[in-house]
Amino acid sequence: MRRILGAFVLLALVLLGVVAIRTARFRPETRSVEPVAPLTVDADVVAAHLSEAIRIPTVSHEEPERTDWAVFERFLAYLAQRYPALHRTLERERVGRAGLLFRWPGRDPTLEPLVLMAHYDVVPVQPGTEPDWDQPPWGGVVADGFVWGRGALDDKGSTIAICEAVERLVGERFRPERTLWLAFGHDEEVGGPDGAARAAARLAERGVVPALVLDEGGAIATPGLIPGVDETVALVGVAEKGYLSLELRVRAEGGHSSRPPPHSGVGILASAIHRLERNQLPRRIRGASRGLLMAVGPAQGLARRAALANLWLTEPLVVRALGRSSVGNALLRTTTAATMFEGSPKDNVLPIHARAVVNFRILPGDTRETVIEHVRRVVDDARIEIAQHGSTASDPSPVADTEAWGFRVVERTIHEVFPHVRVAPNLVLGATDARHFGSLTPQVLRFLPFPVSAEDLARAHGTNERLGVAALARGVGFYVRLLHNALGRQAMS
C-alpha cells in the first residue's frame, strides 16, 4: 500500500513539475520591430472628409428595389471629387450596381498583389431611436474628439482612411513594386452578393492570386475587452465563421383555439427548438481560437496562464470556463440561435402553418452539410420540414497562415505604428466581405487599425456610432506604412 501511495505522490510531483515548467515557459513570441516616427496627418481634415461621407446615407437593403441608388451614385461622385489623384492614377472599374475595383499596377508583375478591402454601405438607423443619439445619426458631426454618425466605424472610416493613404502616396510619386487592388463594396451589410462576390469572381477570371487580402473584422482591443487581459491587443482575424439559417416548418390542422390538439404547430416547433438549444454542436479549442488563447494567455493571471499553458491536461476545464460567456462560447463552437417564430395571425386561431428560423454561425472544421445533418438528427420529427432560409449561406473561411508573408507584414506594421500592442490571431464571429475572397487565396486577414472597446462594439449597428478623430488619423498612418512595407522597394520578402 505504501508503494502505491508513494507512486501516486511521485506521479503528482512529476505532474506538478511539468505544469510549473510549461507555465514558466509560456511566454509570448516576440519579434523585434522598431517603431517608426508617427506620420504627420492633418486629423481635422481627415475627420472632415469622413464627416462628409457620413452625410451621404448609403443604406443597403436586402431588396435592391428598396435601395436609393441615387444616393450611392452621390457617394461615388464624392470619392472621385475628394480623391482626384487616386482616380487619375489607378485603373477604375465598376462592379455590380455600385461597387468599385481599382488597380495600381506594380513594376514587378511576378509579385503576387495586395488587395485592400472596405465597404461603404451602412445599416439603417432604427426608426424612433434618432432622439437617443447624442449627435444626429446622419449629421457627421465632429465633436468631443469624435466623428459621429452611422458608418463612422462600420465601415466608412476604413474606406476614407485607405483613400487618404493612397491619395497621399500618389501625390508623393510613390511607385509600387507589387500591384495593389482596392475593392470597395456597396452591399456588405446584406451579404455582398453584388459587390465583393462579383469583385472576387472578376479577379478569379483574370487569374489574380493575391499574396494578401485585408478587410475589416478585427481591431485593436482596448484593455478589458478580452476577459482577463488588461493590455491592448491587436486582433487580426485569420478566419471567420460560416453562416447558415435554417427554416423549420410545420403544417397542422388549424381550427379554433378552444379545441386545441395536444401539440399545436407552434408547440411542435417549440419542442424542436428546445432540443436544438439543449443539444448543440460540441465546443473545441482549435484553429484561430486556439491561436488567440495562446497569444493572450501569457498576459493573464497565474491561474489562467497555467491553465492555458497546459491544455493537454486542462482543456475540459478551460472549455467549460470559456463557455460560460457568450463570446467565449462563440469562439469554441458552431452556435445555435433561434431568431424568428411565426404562427397564427390571431390569438384564438390555431396555426395552419407555423415556422421558425434558427441561425448558425459555423466554426471552422464544421460545414453547412454537417450542421444540417446535426439539425435533422436532433429534431428527429417527421412533421417538421427543414430547409435553408434566405440566400445568404457560407461555409467557414480557410484559416490564414500566421507564418506567411501576409500576416507578418500586417504584424510588423502594427508594431511599427502601435508600439507595445500585442498582436494575436483571431476568429471573426460575424460575416465580412472578405469571405468571398477565400477562393482566391487562404491568406485573407481581417483588421481595422482603430481602437475598439466593448462600448464601441455596441455602438456599431446601434446608437451613437462614432470614431475618434485621432484614431482615424492614426489609421491613415497605418495604411500608408502598410503600403510602404508591402509595395515599396524595401518591402518585406
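It should be emphasised that the depicted structure is a prediction, and the values quoted were computed from it without experimental measurement.
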Are side-chain heavy atoms of W104 and L169 found at a separation under 4.5 Å? yes
Looking only at heavy atoms, which two atoms of L111 and E177 are closest? And how far apart? CD1-O, 4.0 Å
Does R333 offer a backbone N or O that forms a donor-acceptor pair with the side chain of K241 under 3.5 Å? yes
Please examine the side chains of I285 and L311, heavy atoms only from C-beta on, and report whether any two atoms are closer than 4.5 Å. yes
Residue pair N485 / T413, side-chain donor-acceptor N/O under 3.5 Å: yes
Is L203 close to L101 at the side-chain level, that is, under 4.5 Å between some pair of heavy atoms? yes
Could you pull out the closest heavy-atom pair between F418 and P449, with the gap in Å? CZ-O, 3.6 Å
Using modelled atom types only, decide if a donor and an acceptor are shared between the side chain of E240 and the backbone of S397 within a distance under 3.5 Å. no
In N359, T339, T392, the residue satisfying side-chain hydrogen bond (donor to acceptor under 3.5 Å, both in side chains) with S245 is N359
Between L363 and L332, is the side-chain contact (heavy atoms from CB on, under 4.5 Å) condition met? List the steps. CA-CA 7 Å; L363 190 74; L332 300 181; over 6 Å; no
Grab the two heavy atoms, one from I362 and one from Y243, that are nearest each other, plus how far apart they are. CD1-N, 4.1 Å
Establish, from distance only, whether the side-chain atoms of D187 and H119 form a donor-acceptor pair under 3.5 Å. no
For the residue pair T402 and P425, what are the closest heavy atoms and their distance? CG2-CB, 4.0 Å
Does a side-chain N-to-carboxylate-O contact under 4.0 Å join E164 and R168? no
With distance as the sole criterion, is a donor-acceptor pair present between the side chains of D121 and T58 under 3.5 Å? no
Go through the steps to decide whether E216 and F450 satisfy the test side-chain contact (heavy atoms from CB on, under 4.5 Å), and finish with yes or no. CA-CA 10 Å; E216 63 164 344; F450 305 133; over 6 Å; no
Donor-acceptor pair, T314 side chain versus L317 backbone, under 3.5 Å? no
Counting distance only, does the side-chain N/O of T441 pair as donor-acceptor with the main-chain N or O of A211 below 3.5 Å? no
Is a donor on one side and an acceptor on the other found under 3.5 Å between the side chain of E416 and the backbone of R481? no
Test item: W69 side-chain N/O and P64 main-chain N/O as donor-acceptor pair under 3.5 Å: yes
Can you check whether R97's main-chain N or O pairs, donor with acceptor, with R94's side chain at less than 3.5 Å? yes
Aromatic rings F75 and Y78: how do their planes relate, parallel, tilted or perpendicular, breaks at 30° and 60°? tilted
In terms of heavy-atom contacts, P398 and A239 come closest through O-CB, 3.8 Å
Return yes if a side-chain donor-acceptor contact under 3.5 Å exists between S326 and N329, otherwise no. no
F72 ring center near Y120 ring center (under 6.0 Å): yes
Does some side-chain heavy atom of L483 sit less than 4.5 Å from a side-chain heavy atom of L116? yes
Does atom CZ of R173 have more than 12 heavy-atom neighbours, drawn from other residues, nucleotides or ligands, at distances under 6.0 Å? no
E91 atom CD: more than 12 heavy-atom contacts under 6.0 Å: yes
Output yes when a side-chain donor or acceptor of R150 lies under 3.5 Å from a complementary backbone atom of V123, and no otherwise. yes
Can you check side-chain contact (heavy atoms from CB on, under 4.5 Å) on E315 and R290, steps first, answer last? CA-CA 11 Å; E315 184 166 342; R290 189 182 189 94; 4.1 Å; yes
Pair R368 + D395, salt bridge at N-O below 4.0 Å: yes
Quick check: does any side chain N or O of E189 sit under 3.5 Å from a backbone N or O of G191, one acting as donor and the other as acceptor? no
Heavy atoms only: give me the nearest G151-V122 pair and the separation to one decimal. CA-CG1, 3.6 Å
Counting only heavy atoms from other residues, nucleotides and ligands, does the tally under 6.0 Å from CZ of R320 exceed 12? no
Output yes when a side-chain donor or acceptor of R474 lies under 3.5 Å from a complementary backbone atom of V41, and no otherwise. no
If you count heavy atoms of other groups shown closer than 6.0 angstrom to CD of Q388, is the number above 12? yes
Does the side chain of L86 reach to within under 4.5 Å of the side chain of C163, using non-hydrogen atoms? yes
Given R198, R202, R103, the one that forms salt bridge (charged side-chain N to carboxylate O under 4.0 Å, His left out) with E93: R202
Determine, for W405 and R178, whether the Lys NZ or Arg CZ falls below 6.0 Å from the six-membered ring centre while staying within 45 degrees of the axis. yes
